[in-house]
Amino acid sequence: MEKASDMKNESQVVLWVDGGSNTENLALQNIQARVRMVVSFMLASLMPWVHSKSGFYLVLGSSNVDEALRGYLTKYDCSSADLNPIGSVSKVDLRLFLRWASINLGFTSLAEVEAAPPTAELEPIRANYSQSKERDSTQTLMKREDNEEACWFRTTSAGSQ
């Protein structure tokens, strides 16, 4: 048996949209989501210094209750923020509020936000492909072999559908 250090692997890990497997796609999306949060915390730590002030800034998250209840998150991504203003708000209620605020408060740019398709923005946009949270968040009920309890596992790639 070869040692891992002796093995030569000429393959490259790529996203599904570029021909990669579901495993590659998930691994790359997860690391991107985690790095995005690490950079957010770094910037929050540095901003007071940039402005010659003391203290610290908080990092805001953007996951909603629907995502949390379905398990549509990556450990240590935006679910790890200091504050999550929409964490207990459903997608339907959030869209209704955005529409209402656009019309009644005059924040017209919120209409564009409300109309935009939800995406985790973890895959590149192509002429024939754009990532969609609805497509990505399909779930599969699986049985764990070591336990009789049913557990939900997230499948994340449109490539498997």
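Computed from a predicted structure; not experimentally measured.
- When all heavy atoms are compared, the tightest approach of Asn30 to Thr74 is OD1-OG1, 3.0 Å.
- Side-chain contact between Val89 and Asn64 is absent, with no heavy atoms from C-beta onward closer than 4.5 Å.
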Donor-acceptor pairs are to be reported for all side-chain atoms of residues 47-54 against protein atoms at under 3.5 Å, with residues two or more places apart or in another chain.
none

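- By the criterion of side-chain heavy atoms lying less than 4.5 angstrom apart, applied directly or through intervening Ile, Leu, Val, Met, Phe, Trp or Tyr residues, Tyr57 is not grouped with Val38; the two fall into different hydrophobic clusters.
- Side-chain contact check for Val59 versus Met37: some heavy-atom pair is nearer than 4.5 Å.
- Residue pairs meeting the side chain to side chain donor-acceptor pair (under 3.5 Å) criterion with at least one member in residues 78-87, sequence neighbours excluded, are Ser63-Asn84, Asp77-Ser79.
- The CG atom of Leu98 sits 11.0 Å away from the CD1 atom of Ile103 when rounded to the nearest 0.5 Å.
- In this structure, the side chain to side chain contact (heavy atoms under 4.5 Å, CB included) partners of Val35, at least two apart in sequence or on a different chain, are Ile31, Val39.
- Distance check: Asp93 CG to Ser88 OG gives 10.0 Å after rounding to the nearest 0.5 Å.
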Enumerate donor-acceptor pairs with a distance under 3.5 Å from any side-chain N or O in residues 105-115 to protein atoms, sequence neighbours excluded.
from   : atom 1 : to    : atom 2 : distance (Å)
Glu114 : OE2    : Arg99 : NH2    : 2.7

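- Leu15 CG to Leu26 CG: the interatomic distance, rounded to the nearest 0.5 Å, is 11.0 Å.
- Taking CZ of Phe41 as the reference point, atom CG of Leu58 lies at 8.5 Å (rounded to 0.5 Å).
- Annotation: side chain to side chain contact (heavy atoms under 4.5 Å, CB included) contacts of Ser45 (sequence neighbours excluded): none.
- In this structure, CG on Leu94 lies 5.0 Å from CD1 on Ile86, to the nearest 0.5 angstrom.
- Annotation: salt bridge (charged side-chain N to carboxylate O under 4.0 Å, His left out) contacts involving residues 12-29, sequence neighbours excluded, comprise Asp18-Arg126.
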